[in-house]
Amino acid sequence: MPELPEVETTRRGLAPHVCGREITGVVVRDGRLRWPVPENLCDLVEGQCIAALERRGKYLLMRLGEGSLIAHLGMSGSLRIVDGDSPPRKHDHVDILLQTGACIRFHDPRRFGCLLWTAEEPDRHELLRELGPEPLQPEFSGAHLYAVSRGRTAPVKNFIMDSRVVVGVGNIYANEALFRCGIHPLRSAGRISARRYGALAESIRQTLADSIAQGGTTLRDFVDAAGNPGYFRQVLQVYGRTGEACTRCGCPICGERVGQRSTYYCPRCQK
DNA sequence: ACTGGCTCCTGAGGGC
DNA sequence: TGCCCTCAGGAGCCAG
């Protein structure tokens, strides 16, 4: 699933192939993504140079001479660098052709992703405007989590998956980060101490950083810019491990649904 | 201001 | 072998 580490892995893989290159064309085979790919996308970006490839939360931002492309991988999307002549496979919805002969290929079986263009500063775009801090930047801290959680009754797991609280924490990493710091996923967000939020912030940071170092988590679909899977799956401690022994205490891992999401935790280690 | 539920989509996997 | 059902999930949207 593309969460922050997968998007960052993609960004790092793409950057050396795309930065400073000119876009020579766009091929839209199927523009029916979460929001339709703009009809005139080719006109908007053709001939422009890619100045930088950035990430904000789970959004990839491709800054052009004029305007920016905003991409989201949804839950099954990937962006790969392939030869511009290579034949498209099923669900290869969009190609962005580069002057080098390579192309950036957007593949997304479930079509929950998007590919948009904006003339304005991307941070002011309506999809990005309300986003919370980046978990790997210094402005994200336990103090921030503590401050914005006061009075909130929702489970802490839902709370940290809210992109207005902190960006990039999806279901897999929410489960893993809570296990790592020993907080029960169902505990009310407003009833956790400042001290424990300090541990949670550090836990989120570590979990995401570790996953980036492993190239992200591949459950089914995710591949990086070169088409390789990520290896963080092999070190998941609770996600998908219902009934298996906790790596810390040996107690069987619990799995249940919380707010439409599969939730995993150790009933002994997490309080 | 929050919270929970619904929704989009496709492919995998299980049961029979 | 094949069909049908359920599930997975990011995040916008809406109603309460």
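Protein chains get the first letters and strands the later ones, always in sequence-line order, with residue 1 at the start of each. Side chains included, hydrogens not; waters and symmetry mates left out as well; all remaining heavy atoms used.
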Quick one: does any side-chain atom of A/S211 pair with a main-chain N or O of A/L208 as donor and acceptor, under 3.5 Å?
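Not a single qualifying donor-acceptor pair exists.
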If only atom types and distance count, is the side chain of A/R195 paired as donor or acceptor with the main-chain N or O of A/Y197 below 3.5 Å?
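Not at all, since once roles are kept as given, no pair shorter than 3.5 Å links the two residues.
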Would you tell me if any nitrogen or oxygen in the side chain of [X] comes within less than 4.0 Å of OP1 or OP2 on [N]?
X	N	result
A/H72	C/dA11	yes
A/K90	B/dT10	no
A/S262	C/dG9	yes

Atom pair distance, as rounded to whole Å: [atom1] in [X] and [atom2] in [N]:
X	N	atom1	atom2	value
A/D108	C/dG9	CG	P	16 Å
A/N171	C/dA8	CG	C1'	10 Å
A/N175	C/dG9	CG	P	9 Å
A/I172	C/dA8	CD1	P	12 Å

Angle between terminal axes - the helix from B/dC2-C/dG16 to B/dC16-C/dG2, 5 pairs each end, rounded to 10°
50°
Under a plain distance cut-off of 3.5 Å, with no hydrogens placed, do A/R105 and A/S86 share a side-chain donor-acceptor pair?
yes
With a 3.5 Å cut-off and no angle check, do the side chains of A/E176 and A/T207 form a donor-acceptor pair?
no
Take nucleotides 2-9 of chain B nucleotide by nucleotide from the 5' end and write B, S or -, depending on whether a protein heavy atom sits under 4.0 Å from the base, only from the sugar-phosphate, or from neither.
-SSB--BB
Looking at A/E54, I'd like to know if its CD atom is crowded, meaning that more than 12 non-hydrogen atoms belonging to other residues, nucleotides or ligands lie closer than 6.0 Å.
yes
So which atom in A/I172 and which in A/E3 form the shortest heavy-atom distance, rounded to 0.1 Å?
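For A/I172 and A/E3, the tightest heavy-atom pair comes out as N-OE2, 3.0 Å.
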Are A/R129 and A/E126 close enough for a salt bridge, meaning some N to O gap below 4.0 Å?
no
